[in-house]
There are 2 protein chains.
Amino acid sequence: MVSDSINPNISVDCVVFGYDFKHLNVLLVERTLIGVNNETIFSDYSLAGNHIYEDEDIDGAASRILEDLTGFKKVYLKQFQSFAHPDRLKKIRDQKWLRSIGYNSQNRVITVGYYALLNCKEVTIHPGNRIVKWTPVEKVKKLAFDHNEILSNALDDLRLKMRTSPIGYELLPKKFTLSQLQKLYEVIYDTRIDKRNFRKKIAKLNYIVPLNEKQKGVAHKPAQLYMYSQEVFEITKREFFDITI
Amino acid sequence: MVSDSINPNISVDCVVFGYDFKHLNVLLVERTLIGVNNETIFSDYSLAGNHIYEDEDIDGAASRILEDLTGFKKVYLKQFQSFAHPDRLKKIRDQKWLRSIGYNSQNRVITVGYYALLNCKEVTIHPGNRIVKWTPVEKVKKLAFDHNEILSNALDDLRLKMRTSPIGYELLPKKFTLSQLQKLYEVIYDTRIDKRNFRKKIAKLNYIVPLNEKQKGVAHKPAQLYMYSQEVFEITKREFFDITI
DNA sequence: ACAAAAGTGTTCTAGATACACCCATGA
DNA sequence: TCATGGGTGTATCTAGAACACTTTTGT
């Protein structure tokens, strides 16, 4: 399928967002530079990213990188922005790192940013030989390259996109409760929502479908489970005109 | 400032939108391939685009391309999507064209898509030695390369963006009437809006400021002129939570 | 029996929609 | 004086906001 020649000028970076019912997390990959005497020169984190193959589409490259790192395929993945500042890989530690892994550190590299949405509890990460960790987005420290900027723009785009399309469900398990959905909005927009008003609003959306099933094994009244139906959404959505600002 | 070495793998394409109070137009550049006997092999249109210089940022490259073509600088310009399909330049006529202008037609090229917003009546295009024309977006025929796809995605992004940020004003002159603004929304969303309701809505937006000035020289009651104030918008905007779908 | 989250209704306010006539100007 | 687009108000309906108690389960 894919040739073994990579394009040295084009890479893809994936911001992998995962929701665990408490925080919005991002999946970070450890980057540790070891010196000749086996000492650690530095250790920090980066987003999941890599160069693309010459005969590979970028959407395909993004899924490949995600599958490589996590072991699963069917994940919501959206291209949101490209980053191409000539100096984006020119910080000293980034240059050292690039040379250590055998790259020509003088190459101009444009990276295409994607974000992935998934539910932490529904998936298991198979990181191969890399060390990865989930970090709540508000606790992320200084990352490799321009990855803080990439993360921050991904978050902005996610917040915007969630207001105009039903993508929040990608961060939840197939079957979810209304409280889990409400908490998701509260976490992403850092706000509080009234439970009764929220439920009235959701009740009007016919693409959020109640199932004949309740939560089990919880130490309180078990909640009704719901699913999101893409099919119902497609059929019932309508164009609207609104100057929301 | 800018070195003379271009990056053969990275280009920028600008979708230049212009509003003329009747249509949303896009600026197209003629592409004519002339044979050895001076016969026209084909003639069609493309978006405004070019490769970037090695030491140039892509935002800078986009403004440069826009300035080259139109002769003006201060234009709203937004990156919206990158296009990187391996076969995007592989159609026969595109290959012929690339060879005729001295490019290696086998190069893999990723292009970063931008759109520009301006008012046709407020600007004069200085296209240099190129032939350009404004075309209403709904009348655009088959374009060069993957430019129809780029245009169509730019339009989708513009329609989405206009719902959540005040960018429509970039398509109007500095001073505009409420009817011109209403018509803009009607054209872009292909819809009809009730005049009284529209005006009530606008009246609530304090960043659309009435001026002490009216239209002149029109064969009917002259309209009140308004301006958009970015400054007022920045100060009065507030975050909002909304599941609009 | 207690702790924990689920689930539910009413009142008030604000915004959306539908709709028709008079006004100021240039030709 | 006519043609053209500018400008205005009311009544109805729908959606948003504020607010507190009972229910069901596991421990």
Side-chain angles (χ1 to χ4, degrees), chain A residues 19-22 121 163-164 172-173 175-187 189 191-227 236-245, chain B residues 19-22 121 163-164 172-173 175-187 189 191-227 236-245:
Chain A
Y19 178 55
D20 61 8
F21 303 124
K22 288 225 171 60
K121 299 293 164 76
R163 278 173 25 199
T164 52
L172 292 168
K175 301 172 181 183
F176 55 85
T177 72
L178 295 186
S179 296
Q180 290 168 345
L181 180 60
Q182 179 179 333
K183 179 75 179 167
L184 173 65
Y185 280 98
E186 292 180 336
V187 163
Y189 293 104
T191 186
R192 298 284 333 194
I193 305 169
D194 178 85
K195 186 161 58 158
R196 280 171 291 191
N197 294 337
F198 182 79
R199 282 162 189 251
K200 262 182 288 179
K201 195 155 186 172
I202 297 297
K204 276 180 228 140
L205 307 178
N206 48 9
Y207 55 85
I208 300 182
V209 185
L211 304 171
N212 295 322
E213 205 178 336
K214 294 189 181 239
Q215 269 186 320
K216 287 202 180 91
V218 285
H220 53 77
K221 181 171 174 177
Q224 171 73 47
L225 291 172
Y226 290 78
M227 63 171 278
T236 60
K237 77 177 168 186
R238 54 215 149 98
E239 292 309 321
F240 56 101
F241 166 73
D242 195 20
I243 312 171
T244 314
I245 301 296
Chain B
Y19 178 55
D20 61 7
F21 303 123
K22 288 225 170 60
K121 300 291 163 77
R163 278 172 26 199
T164 52
L172 292 167
K175 301 173 181 182
F176 54 86
T177 71
L178 294 186
S179 296
Q180 290 168 346
L181 180 60
Q182 178 179 335
K183 179 76 179 166
L184 174 66
Y185 280 99
E186 292 181 335
V187 163
Y189 293 105
T191 186
R192 298 281 336 191
I193 304 170
D194 178 86
K195 185 162 57 159
R196 278 172 291 191
N197 295 336
F198 181 79
R199 281 161 189 251
K200 262 181 289 179
K201 195 154 185 171
I202 297 298
K204 276 179 229 141
L205 307 178
N206 48 8
Y207 54 85
I208 300 182
V209 185
L211 304 171
N212 295 323
E213 204 177 338
K214 293 187 182 246
Q215 269 185 319
K216 286 201 180 91
V218 286
H220 53 76
K221 181 172 174 178
Q224 170 73 48
L225 291 173
Y226 290 78
M227 64 170 279
T236 59
K237 78 177 168 186
R238 54 214 146 97
E239 292 307 322
F240 57 99
F241 167 74
D242 194 20
I243 312 171
T244 315
I245 302 296

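Chain identifiers are assigned alphabetically (A, B, ...) following the order of the sequence lines, protein sequences preceding nucleic acid strands; residue numbering begins at 1 within each chain.
Distance from the side chain of N197(B) is smallest for dG9(D) among the nucleotides dA16(C), dG9(D), dG9(C). Minimum atom distance to the side chain of K201(B) is reached by dA16(C), of the listed dG16(D), dA16(C), dT24(D). The side chain of K204(B) lies closest to dG15(C), out of dG26(C), dG7(D), dG15(C).
Ring orientation note: the planes of Y19(A) and F21(A) are nearly perpendicular, at an angle over 60° on the 30°/60° scale.
When the C1' atom of dG15(C) is taken as reference, atom NZ of K200(B) falls 9 Å away, rounded to whole Å. Taking atom NZ of K214(B) as the reference point, atom P of dC23(C) lies 14 Å away to the nearest angstrom. Distance CZ (R196(A)) to C1' (dT10(C)): 9 Å, rounded to an integer number of Å. At whole-Å resolution of the value, CD in E186(B) and C1' in dG5(D) are 13 Å apart. The distance between atom CZ of F198(B) and atom P of dA16(C), rounded to the nearest whole Å, is 13 Å. If you measure from atom CG of L178(B) to atom P of dT8(D), you get 9 Å, rounded to the nearest angstrom. With rounding to whole Å, I193(A) atom CD1 is found 13 Å from dA17(D) atom C1'. The distance between atom CD of Q215(A) and atom P of dA4(C), rounded to the nearest whole Å, is 16 Å.
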Are N197(A) and K201(A) close enough, and set up right, to give a side chain to side chain contact (heavy atoms under 4.5 Å, CB included), and what steps lead you there?
-> CA-CA 6 Å; N197(A) 294 337; K201(A) 195 155 186 172; over 6 Å; no

So R163(A) and Y189(A), side chain to side chain contact (heavy atoms under 4.5 Å, CB included) or not? Walk me through it.
-> CA-CA 10 Å; R163(A) 278 173 25 199; Y189(A) 293 104; 3.4 Å; yes

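The heavy-atom pair separating D194(A) from Q182(A) by the smallest distance is C-NE2, 4.3 Å.
Considering only side-chain N and O atoms, S179(A) lies nowhere under 4.0 angstrom from the phosphate OP1 or OP2 of dA5(C). The phosphate of dT4(D) has neither OP1 nor OP2 within less than 4.0 Å of any side-chain N or O from K221(B). Residue R199(B) places at least one side-chain N or O closer than 4.0 Å to OP1 or OP2 of dG7(D).
The residue Q224(B) sits close only to the backbone: its heavy atoms come under 4.0 Å of sugar-phosphate atoms, none of a base.
Checking K195(A) against H220(B), the closest nucleotide of DNA chain C that is more toward the 5' end is the one next to K195(A).
Between the CD atom in Q215(A) and the NZ atom in K175(A) there is a gap of 12.5 Å [rounded to 0.5 Å].
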